[in-house]
Engineer: 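One structure, as C-alpha cells, below. Some questions next.
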Amino acid sequence: KHNFQSCLISKGQLDVIQTDISKAFYTGDPQLLLGKLASMGFNEIILNWLKSCLIERTQQVKFSNSISDIVNVTSPVFEGSLCSQLLFMIFVCDISFSGGSLPIDFKIWDEINKQEDCKILQRRMGSIIESLESIGVVLDANDCSVMTVTRRTKKAITYRYNIENMEITRKDFMHEGDVLFDTKLKFSSHIQQICKKGRQTCSLIIKNSSQFKKYETEVALYNSLVK
C-alpha cells in the first residue's frame with residue numbers, strides 16, 4: 001500500500017484506475033449466485049422466488065393497444081431493483097480487495113516512478129479482472145478510466161493501461177463521492193462546479209418565491225438548499 005498523501009507532498013506521481021462494474025454485474029452467472037445464496041443459508045422460499053426472477057425470465061412491453069414480442073432477459077439481476085446492491089455484494093464477496101470486499105466502483109492506484117511500476121499496476125488490474133471472469137462478470141474497458149495525479153513539473157510517465165488489449169480511456173477529472181478531482185489536485189474545477197450549482201439553485205429559489213410574504217422563508221430555503 002502506498003501513502004497517497006506523502007506521495008503527492010513529495011511531488012511524486014500516482015496513476016489511478018477507476019472502474020464501475022455495475023453494468024458488468026448483469027453479465028454474471030445467475031446459477032453461481034443462487035449457489036452462493038444457498039450456501040449462506042437462504043431458505044428455499046427465497047431461493048425459488050429469486051430463481052423465478054433470475055433464470056428463464058421473459059419480458060414483454062405493452063403500449064396502448066400494441067404488444068411487443070416476448071424476449072428472454074439474460075441479466076442475472078433485475079436492474080434498478082432494491083436488492084441489486086445486496087446481491088452484488090454477495091456475488092463478489094469471495095474477491096479480496098484491500099482487505100475487504102470489492103466495491104461496485106473500486107479504484108486501484110500505485111506510485112509511479114518508472115515504466116515497470118505501470119506494468120505492476122496493470123498486472124494488479126488484470127488479477128481483479130480474472131477474479132471477476134471466474135464468476136462470469138465481464139468487465140469492459142469502456143466502464144473504466146485512468147487518471148495520472150502529480151504535482152511534479154516534469155513530464156509525467158504515461159502507460160497505455162488496457163483490458164483485453166482495449167485501451168482504458170484517460171481523463172483529466174475523476175469523481176470521488178461528491179468531490180471532483182483533477183490531475184494537479186487544485187480543486188478549481190470542483191469549486192466552479194459547486195458555485196454553478198449554487199447559483200442555479202439560488203435562481204430557482206428567487207423565481208419561485210416572488211410571492212412569499214416572509215423574507216425568513218427565502219432565507220430558510222437558501223440555508224437548506226444552497227448553504
Side-chain angles (χ1 to χ4, degrees), residues 1-27 85 88-89 91-133 137-201 226-227:
K1 295 181 180 180
H2 295 287
N3 189 310
F4 199 103
Q5 183 179 7
S6 63
C7 177
L8 295 176
I9 290 175
S10 62
K11 294 189 176 181
Q13 174 181 331
L14 284 167
D15 278 7
V16 184
I17 300 177
Q18 181 183 43
T19 184
D20 180 1
I21 58 177
S22 59
K23 294 180 181 178
F25 179 39
Y26 301 109
T27 66
Q85 185 75 11
F88 167 80
M89 293 172 62
F91 204 39
V92 300
C93 64
D94 296 334
I95 301 177
S96 177
F97 181 79
S98 299
S101 59
L102 188 71
I104 202 165
D105 56 347
F106 68 90
K107 296 178 182 67
I108 59 172
W109 65 80
D110 258 329
E111 182 177 357
I112 305 298
N113 294 306
K114 52 186 181 297
Q115 281 287 328
E116 184 59 34
D117 295 331
C118 299
K119 295 177 181 178
I120 292 173
L121 182 58
Q122 173 69 58
R123 287 195 290 270
R124 286 180 58 200
M125 185 67 182
S127 177
I128 295 175
I129 291 171
E130 288 180 4
S131 298
L132 289 171
E133 289 178 346
V137 176
V138 181
L139 186 63
D140 191 275
N142 294 324
D143 300 324
C144 305
S145 61
V146 60
M147 185 174 78
T148 294
V149 181
T150 181
R151 287 178 172 172
R152 62 173 54 156
T153 54
K154 64 180 182 180
K155 187 177 180 180
I157 300 169
T158 58
Y159 185 83
R160 297 180 64 181
Y161 298 99
N162 65 87
I163 297 177
E164 300 294 337
N165 296 320
M166 182 180 289
E167 187 175 356
I168 298 175
T169 303
R170 279 195 169 272
K171 292 188 176 181
D172 294 325
F173 303 96
M174 188 174 288
H175 276 95
E176 176 61 39
D178 294 328
V179 181
L180 181 64
F181 288 86
D182 56 56
T183 57
K184 298 292 184 181
L185 292 185
K186 292 184 177 180
F187 298 102
S188 56
S189 297
H190 173 72
I191 294 170
Q192 290 173 7
Q193 184 184 66
I194 295 299
C195 290
K196 182 180 179 180
K197 288 181 178 179
R199 288 193 297 269
Q200 290 174 340
T201 307
V226 180
K227 189 176 180 180

Engineer: Quick one: are F181 and V149 in side-chain contact, heavy atoms under 4.5 Å?
Structural biologist: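 No, side chains not in contact.
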Engineer: Return the set of residues passing ring-ring contact (aromatic ring centres under 6.0 Å, His included) with F173 (not counting sequence neighbours), or none when no residue passes.
Structural biologist: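 Once residues adjacent in sequence are excluded, F173 has no partner under the ring-ring contact (aromatic ring centres under 6.0 Å, His included) criterion.
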Engineer: Taking only residues two or more places apart in sequence, or in another chain, which ones meet K196 in a side-chain contact (heavy atoms from CB on, under 4.5 Å)?
Structural biologist: R199, Q200
Engineer: A side-chain contact here means heavy atoms from C-beta on lying under 4.5 Å apart; do V226 and T201 qualify?
Structural biologist: yes
Engineer: D117 vs D110, test: side-chain contact (heavy atoms from CB on, under 4.5 Å). Steps then yes/no.
Structural biologist: CA-CA 7 Å; D117 295 331; D110 258 329; 5.8 Å; no
Engineer: Do the non-hydrogen side-chain atoms of L121 and W109 ever get within less than 4.5 Å of each other?
Structural biologist: no
Engineer: Can you name the residues that form a side chain to side chain donor-acceptor pair (under 3.5 Å) with Q13, not counting sequence neighbours?
Structural biologist: D15, R152
Engineer: Looking at T158 and Q115, what are the two nearest heavy atoms and their distance?
Structural biologist: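 Between these two residues, the closest heavy atoms are O-NE2, 2.9 Å.
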Engineer: Check whether more than 12 heavy atoms from other residues, nucleotides or ligands sit under 6.0 Å from atom NZ of K184, and answer yes or no.
Structural biologist: yes
Engineer: Please table the atom pairs, donor to acceptor, closer than 3.5 Å between any side-chain atom in residues 162-170 and protein atoms at least two apart or in another chain.
Structural biologist:
unit_1 : atom_1 : unit_2 : atom_2 : d
N162   : OD1    : N165   : N      : 3.3
N162   : ND2    : R160   : O      : 3.4
E167   : OE1    : R160   : NE     : 3.0
E167   : OE1    : R160   : NH2    : 2.9
R170   : NH1    : T148   : OG1    : 2.8
R170   : NH2    : Y159   : O      : 3.3

Engineer: Which value, rounded to the nearest 0.5 Å, describes the distance between T19 atom OG1 and I129 atom CD1?
Structural biologist: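 Here the rounded value is 8.0 Å.
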Engineer: If you define the side chain from C-beta out and look only at heavy atoms, does anything of K171 sit under 4.5 Å from Q18?
Structural biologist: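 Heavy-atom side-chain distance check fails, nothing below 4.5 Å.
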Engineer: How close do T150 and G12 get, heavy atom to heavy atom, and via which atoms?
Structural biologist: OG1-O, 2.9 Å
Engineer: Tell me every residue that passes side chain to side chain donor-acceptor pair (under 3.5 Å) with E116, counting only those two or more places apart in sequence or in another chain.
Structural biologist: R123
Engineer: Go through the structure and list residues passing side chain to side chain donor-acceptor pair (under 3.5 Å) with N142, not counting sequence neighbours.
Structural biologist: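 N142: side chain to side chain donor-acceptor pair (under 3.5 Å) contacts with D140.
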Engineer: Apply side-chain contact (heavy atoms from CB on, under 4.5 Å) to L139 and M125, showing your working.
Structural biologist: CA-CA 11 Å; L139 186 63; M125 185 67 182; 3.9 Å; yes
Engineer: Using side-chain contact (heavy atoms from CB on, under 4.5 Å) as the criterion, list what pairs up with S127, not counting sequence neighbours.
Structural biologist: none
Engineer: Could you work out, with salt bridge (Lys or Arg N to Asp or Glu O under 4.0 Å) as the rule, every residue matching K155, not counting sequence neighbours?
Structural biologist: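 Per chain and number, K155 pairs via salt bridge (Lys or Arg N to Asp or Glu O under 4.0 Å) with no residue.
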Engineer: Quick check: closest heavy atoms across S188 and D182, and the distance to 0.1 Å?
Structural biologist: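 Taking every non-hydrogen atom into account, N-OD2, 4.1 Å.
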Engineer: Sequence neighbours excluded, which residues qualify as side-chain contact (heavy atoms from CB on, under 4.5 Å) partners of I194?
Structural biologist: H190
Engineer: Taking all non-hydrogen atoms of both residues into account, name the closest pair between Y161 and Q122 and its distance.
Structural biologist: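 Between these two residues, the closest heavy atoms are CA-OE1, 3.2 Å.
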